[in-house]
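Position 1 is the first residue of the sequence, and the numbers go up from there.
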Amino acid sequence: MEIIIYIFVSIAIISLQAITPFVIRKSECFGVNVGERANRNAELTQLKKQYVGQVILWTVLVAIIGIALIQGFHWSENIQAGIFIISMFGQLIVSFIIYYRFHHTTLQWKREKIESGEISTNSIIMVDTSFHRRKMVISYTWFVVPLLIFIITLAITAVFYPFAPEEFPVHFDMNGVVTDTVQKSVRAALLLPMLQLGMIALFIFINFVIARSKQTVENENPADSLKRNMLFRQISSKAMLIMCVILVIDFLVMQAVILLSLSPEIMMITMSISIILILLGTVLLAVKVGQGGSRLKFANEPDNVNKPIRDDDAFWKAGVIYFNRNDPALFVEKRFGIGWTINTARPVAWLTFVFIIAAIVFISILF
């Protein structure tokens, strides 16, 4: 079972890393803003193909090594779990190392094109002052749905707690076999409902980030750029709500299994289905929508006129870390990948993540 889960998660990670150059904004290439017109250049297209080949080759190699080690340590679940996690991080690290090499190559390519006059740049930032007044995310009222599931979980806990076994299972192996338990207590019984509540709060915050993050308008095609960005936020907001509901249902099933002494297989099946749905949904969002709505189809395409592009590469460290003291925005779209990141120059942005981590630690300690 653990090998099947490992292989599935590895395939998802490798696939997402490999397709990233093709699902980010059409004006960006390996974390560098080159403009939509220049991004169609045959040299950059070739770089993307080389990146895909190298990522697949080296991350598959890491995955195979992980499979061999997991099989070799079949007698120790803890070691297998450690190998699983290390291998996942290993795949991501290898992908980043490959990405960084192509990022550096693309930066050099852009400098040469600027010097030759094939690409022109400016520091003008286009802004739609009415952008954030438009409805771009779902209403927060929709989060009543996961809150109702939370209330149902609390109700089940209150009704069945007196009849629950004296020991609660808190850890299962990949086959659903209980490997660790804790003594029955109100605190132990409330752990999963509190995690549900924390999960709901986190997704409400994500919805806020999607709504309030910095707008990105491309100089070459501003009208379409804004339209794509709004649709991207609307779709992402709905996707986050669906993910929130799936995860909260997962916790509900876990709580029922613990309190009612149901078969752990029910929980394992539910978790497996949830993981598959979330991973497939993530891939589908990347392929069909793309970062900033880059994969959405519109009639208008950028012409072949060499228009100046926004040159803000200096604020993107390695093309992935945004650091701009002059930008009041706390959250911005990623340049390489799907989703949002923080403006690391703003202390408030850091504090929000510190608060989230502190809340998770607090719940874990308290319950």
Side-chain angles (χ1 to χ4, degrees), residues 132 134-159 161 168 170-171 182 185-214 232-259 267 270-271 273-275 277-279 281-282 285 322 328-334 337-344 346-367:
H132 283 110
R134 304 178 191 181
K135 184 176 177 58
M136 292 179 289
V137 297
I138 59 171
S139 168
Y140 290 97
T141 307
W142 280 103
F143 285 93
V144 169
V145 175
L147 280 172
L148 286 174
I149 299 172
F150 162 72
I151 292 171
I152 292 171
T153 307
L154 275 183
I156 290 175
T157 304
V159 171
Y161 177 78
F168 287 170
V170 293
H171 193 267
V182 296
S185 68
V186 174
R187 286 175 61 182
L190 287 176
L191 173 60
L192 290 176
M194 290 303 102
L195 286 176
Q196 278 182 319
L197 195 59
M199 188 73 67
I200 295 168
L202 176 61
F203 276 95
I204 290 175
F205 173 71
I206 292 173
N207 200 54
F208 171 79
V209 169
I210 293 173
R212 303 306 304 171
S213 62
K214 180 181 178 180
F232 172 64
R233 295 181 190 224
Q234 291 169 4
I235 295 169
S236 297
S237 178
K238 293 172 183 176
M240 290 302 103
L241 175 65
I242 293 171
M243 188 182 297
C244 179
V245 170
I246 290 173
L247 292 173
V248 172
I249 289 174
D250 256 353
F251 285 123
L252 169 60
V253 173
M254 289 181 200
Q255 189 76 334
V257 167
I258 292 171
L259 294 177
M267 181 182 67
T270 304
M271 288 181 62
I273 293 173
S274 299
I275 292 171
L277 288 175
I278 290 173
L279 289 177
T282 303
L285 186 67
Y322 185 63
L330 300 180
F331 308 102
V332 295
E333 285 185 20
K334 290 180 180 179
I338 303 293
W340 290 264
T341 186
I342 64 172
N343 180 359
T344 54
R346 310 297 296 177
V348 175
W350 283 104
L351 288 174
T352 57
F353 281 89
V354 171
F355 176 79
I356 290 171
I357 294 171
I360 294 172
V361 172
F362 175 76
I363 291 174
S364 300
I365 294 174
L366 185 61
F367 295 96

Compile the donor-acceptor pairs under 3.5 Å between side chains in residues 150-158 and protein atoms, sequence neighbours left out, one pair per line.
from	atom 1	to	atom 2	distance (Å)
Thr153	OG1	Ile149	O	2.9
Thr153	OG1	Gln196	OE1	3.1
Thr153	OG1	Gln196	NE2	3.0
Thr157	OG1	Thr153	O	2.7
Thr157	OG1	Gln255	NE2	2.8

Practice task
With rounding to the nearest 0.5 Å, note down the distance linking CD1 in Ile242 to CZ in Phe203.
Solution key: 11.5 Å
Practice task
Return yes when atom CZ of Phe355 has more than 12 non-hydrogen atoms of other residues, nucleotides or ligands closer than 6.0 Å, and no otherwise.
Solution key: no
Exercise for the section: For residues Ile342 and Val332, determine if any side-chain heavy atom of one lies less than 4.5 Å from a side-chain heavy atom of the other. Expected result: no
Practice task
Starting at CG of Asp250, measure out to CG of Leu195 and round the result to the nearest 0.5 Å.
Solution key: 12.0 Å
Practice task
Check the surroundings of atom CE in Met243: do more than 12 heavy atoms from other residues, nucleotides or ligands lie under 6.0 Å from it?
Solution key: yes
Fill in the blank from the handout: d(Ile206 CD1, Leu241 CG) to nearest 0.5 Å is 11.5 Å
Problem - Side chains of Leu192 and Ile258 in contact at under 4.5 Å (non-hydrogen atoms) - result: yes
Completion exercise
Rounded to the nearest 0.5 Å, the OG atom of Ser274 sits from the CZ atom of Phe251 at a distance of 10.0 Å
Completion exercise
Partner of Phe331 under side-chain contact (heavy atoms from CB on, under 4.5 Å), picked from Val209, Ile210, Thr341, Asn343, is Val209
Handout entry: Sequence neighbours excluded - side chain to side chain donor-acceptor pair (under 3.5 Å) pairs with any residue from residues 234-249
Key = Asn207-Ser237
Practice task
Quick one: pull up CG in Leu252 and CG in Leu247 and give me the separation to the nearest 0.5 Å.
Solution key: 12.5 Å
Completion exercise
side chain to side chain donor-acceptor pair (under 3.5 Å) pairs touching residues 347-357, sequence neighbours excluded, are none
Practice task
Answer yes if the ring centres of Phe232 and Trp340 are under 6.0 angstrom apart, and no otherwise.
Solution key: yes
Completion exercise
Closest heavy-atom pair, Tyr161 versus Leu259, reported as atoms and distance to 0.1 Å, is CA-CD2, 4.5 Å
Fill in the blank from the handout: Distance col, row Tyr322:OH vs Glu333:CD, nearest 0.5 angstrom, shows 12.0 Å
Problem - Minimum-distance pair of heavy atoms, taken over all atoms of Ala329 and Lys214 - result: CB-CB, 3.7 Å
